[in-house]
Amino acid sequence: MMPLSMSGEGTEVTIHCVNCGFGLKRRLCDLGLYDGTRVKVVKNDVAGPIIIKVKDSKLVLGRGQAQKIMVEKA
Amino acid sequence: MAKQIMMALAGNPNCGKTTLFNNLTGMRQHVGNWPGKTVERKDGKFTYMGKKINVIDLPGTYSLTAYSIEELIARDYIVEENPDVVINIVDATNLERNLYLTIQLIELGANIIVAINMNRFAEKKELKIDDKKLSNLLGVPVIKIEAVDRIGKTELIESVLKAAKSRSKGTKKITYGSEIEEHLAELEKILPESINTNKGFSTKWIALKLIEKDKEVIKKILGLKNGKEVLMKAERIQEHLSQIFGEDVDAAIADARYGFIAGLIKESMTRPKIDKITMSDYIDRIVTNRFLGIPVFLFALWLLFQLTFSISAPFMDWIGFFFGWLAEVVSNLIATEWLSSLLADGIIGGVGSVLVFVPVIFMLFLSIALLEDCGYLARAAFIMDRLMHKIGLHGKSFIPMLLGFGCNVPAIMATRTLESRKDRILTMLINPFMSCGARLPVYALFAAAFFSEHQGWVIFSLYLLGIMVAIIMGLIFKKTLFKGLSSPFVMELPPYRLPTLKGALIHMWERGSVFLKKAGTLIFLVVIVIWFLSSLPFGVEYASQNSVIGRIGTFIAPIFKPLGFGTWQASVALGFGFAAKEVIVGSFGTLYGVSEEGLGKALAQTFTPLSAYAFMVFVLLYVPCMAVIAVIKRETNSWKWPIFTVIYTTVIAWSMAFIVYQGGLLLGFT
């Protein structure tokens, strides 16, 4: 298990849990990010936000947010 | 049926909702605010076969929780106003996520029609959607449309008329597992009767919201007869459920919804085995590349400004020429000297000097709208996030900043897209340093008069200085007024799409008309006041040092002495600049009593190149115009921030101009 922010570009992962406040958690949920979702990391540079593909959409997540999402290799 | 039909459009952001709205209503639309909120409300209407249909464009949302104002507004509108029909626009290329809202709309009990948009893109991705099957499964009409053209339009309107007569119930099959369902039924039974109004909203939805701890619904229940009892019961159920599901009842509910959707998708959509790499993916590889991203972004900006200025230049000339001609005709026609002076010098000259900027501002907004509609601005926000992060903001704040180069008023209104209040206020505070279109003529005048060989560079340096000051102030505010964590940055990157001219034009008009309104009202008044102040007391020479205005200027002038422009004319012009910065040019014309062509020479007698540069720096940074102050007041709903803005910007402007002038003198410039 590792944070989403550490997942390399091009890897596919499954969300294990989201460790953040109620509000953000719900927002992520509305965008299709919740426990068990499969996510593809499209872009992850060393710093700055990351881009992921979830269901059929591309999302940008701030690095801080990506650190709070724990994932497992799919 | 003589009654007008009320129809609401609901859908995710970027699903083509506004495109459909524009397509249905054309230009017959009204943009305002939701009462008491700073969220845009768009109303429009059209007639079909003699039936009047009113359309309201609800804010784009992903969900119907009470998480953001937009969601609350969309939800409240559907619950309270009970529109006859709600069209739910869904993006065919992103069906699964879009249906999440659809499910919630059905649960809410709204009379919905699902309009599947962007089918062409879905076909390209080899996604095949069976609309009939989907309609059967959801229990509501499903129609394929193309919001950009007329495909499916008639069919959609026909089904709206049909649905307005008979409500479709929608599926009852969304289940949350026996555990949750049991408790939902339990809660439903004890809900006060008064909650189940004649509107026909489902009690299950209310029960569900209670379990989700929805603040707004709880508030409403509390106001009812046995509300307390219901809430106590709900709390007990929550506790019980969180023992079963861990702390996450929410996740269990979301999971059930997505589970239901996955079932729908399986039955009604076929997709290729391997996802096709789309054009969007290829473009993104270049545009968001770590090394190429910034050069591409800078090139896009350069193109934006180039296009804006080169296309608008001839129009500006024509408008300037027209007002010059008009002033001459009027002053020749009217014999009464004071009246002809008021009309020609005051009103036509003053308003004309503002309207000259309409082309450049509209062109800039048009270019930005095109960039936005094609999807690039979201990428720019991604690229800029790293920089914006340093000043405690995130990438989304970048868009209002960019709009600031056109006019700060719509730019400040654009901060509405930021979720956190802290982000909004910080973005508003530093936005005025983005040099707006109205400041350009001042630079153009001075640069031409004093820096004829390096005009472009001088003007460029001022834009850059504005950006630097904004960054530095952002850093300072982050360390002082707005301490704490930055708000989360979560944003969707929409696929690239060819923007439509109509859509971009409407966008441009919405933002640009704010500037026009300002020219029509505020500036109109100010130029009249200026004229009177310059003409009083009676018999004084127009705008001479002995006029009221000249005396005021003479009194203030010493403050600007250390900055190199301690003349009474400069003080008066800056004072007028508070009305609107572009007025400064016109005021100099009036105060020196020369036409615009002779202005350069007149200025050369009182300014040196160094003091001219210091003056431009002051104009760049000091108090944003009245309209900006008014809009900050409106958007923050308090006087605190607008007053703060007036004071702090002036202090900064004075200090920076002081550094430039005195520093320049020390370095031996003149």
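Protein chains get the first letters and strands the later ones, always in sequence-line order, with residue 1 at the start of each. Side chains are part of it too, since the values below use all heavy atoms of this structure and drop only hydrogens, waters and symmetry mates. Fair warning: this is a prediction, and the values are worked out from it, not measured in the lab.
- Heavy-atom neighbours of B:L292 CG from other residues, nucleotides or ligands within 6.0 Å: above the threshold of 12.
- Atom CE of A:M2 has more than 12 heavy atoms from other residues, nucleotides or ligands within 6.0 Å.
- Taking the centre and axis of the six-membered ring of B:Y100, the NZ or CZ atom of A:K55 falls outside the cone set by 45° and 6.0 Å.
- Atoms CG and CE, on A:L31 and B:M491 in that order, are 11.5 Å from each other to the nearest 0.5 Å.
- Counting heavy-atom pairs closer than 4.5 Å to chain A, the top-ranked of the candidates B:E492, B:R290, B:E96 is B:R290.
- In terms of heavy-atom pairs under 4.5 Å with chain A, the best-connected choice from B:L387, B:D255, B:I383 is B:D255.
- Heavy atoms of B:R271 lying under 4.5 Å from chain A belong exclusively to its side chain.
- Of the possible donor and acceptor atoms, one in the side chain of B:Y258 sits under 3.5 Å from a partner among the backbone N and O of A:C29.
- Here the CG-CZ distance, from A:L59 to B:F489, works out to 10.5 Å after rounding to the nearest 0.5 Å.
- Taking NZ of A:K58 as the start and CG of B:N94 as the end, the distance is 12.0 Å to the nearest 0.5 Å.
- Between atom CG of residue B:D385 and atom CD1 of residue A:I50 there is a gap of 11.5 Å, rounded to the nearest 0.5 Å.
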Can you list the steps and then say if B:D284 with A:K53 is a salt bridge (Lys or Arg N to Asp or Glu O under 4.0 Å)? CA-CA 12 Å; B:D284 269 346; A:K53 199 162 198 170; over 6 Å; no

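- Interface remark: B:E71 contributes side-chain atoms only to the contact with chain A (heavy atom separation under 4.5 Å).
- The nearest pair of heavy atoms linking B:R97 to A:D30 is CD-O, 3.5 Å.
- Side-chain contact annotation: B:T65 with A:R26, donor-acceptor N/O pair under 3.5 Å absent.
- For A:L28, the part lying near chain B is the side chain, with the backbone staying farther off; criterion is any non-hydrogen pair under 4.5 Å.
- A distance of 10.0 Å separates OG1 in B:T278 from CG in A:D56, rounded to the nearest 0.5 Å.
- Looking at B:D281, the atoms closer than 4.5 Å to chain A (heavy atoms on both sides) sit in the backbone and in the side chain alike.
- By number of non-hydrogen pairs under 4.5 angstrom with chain B, the leading residue of A:A47, A:G64, A:S57, A:G62 is A:S57.
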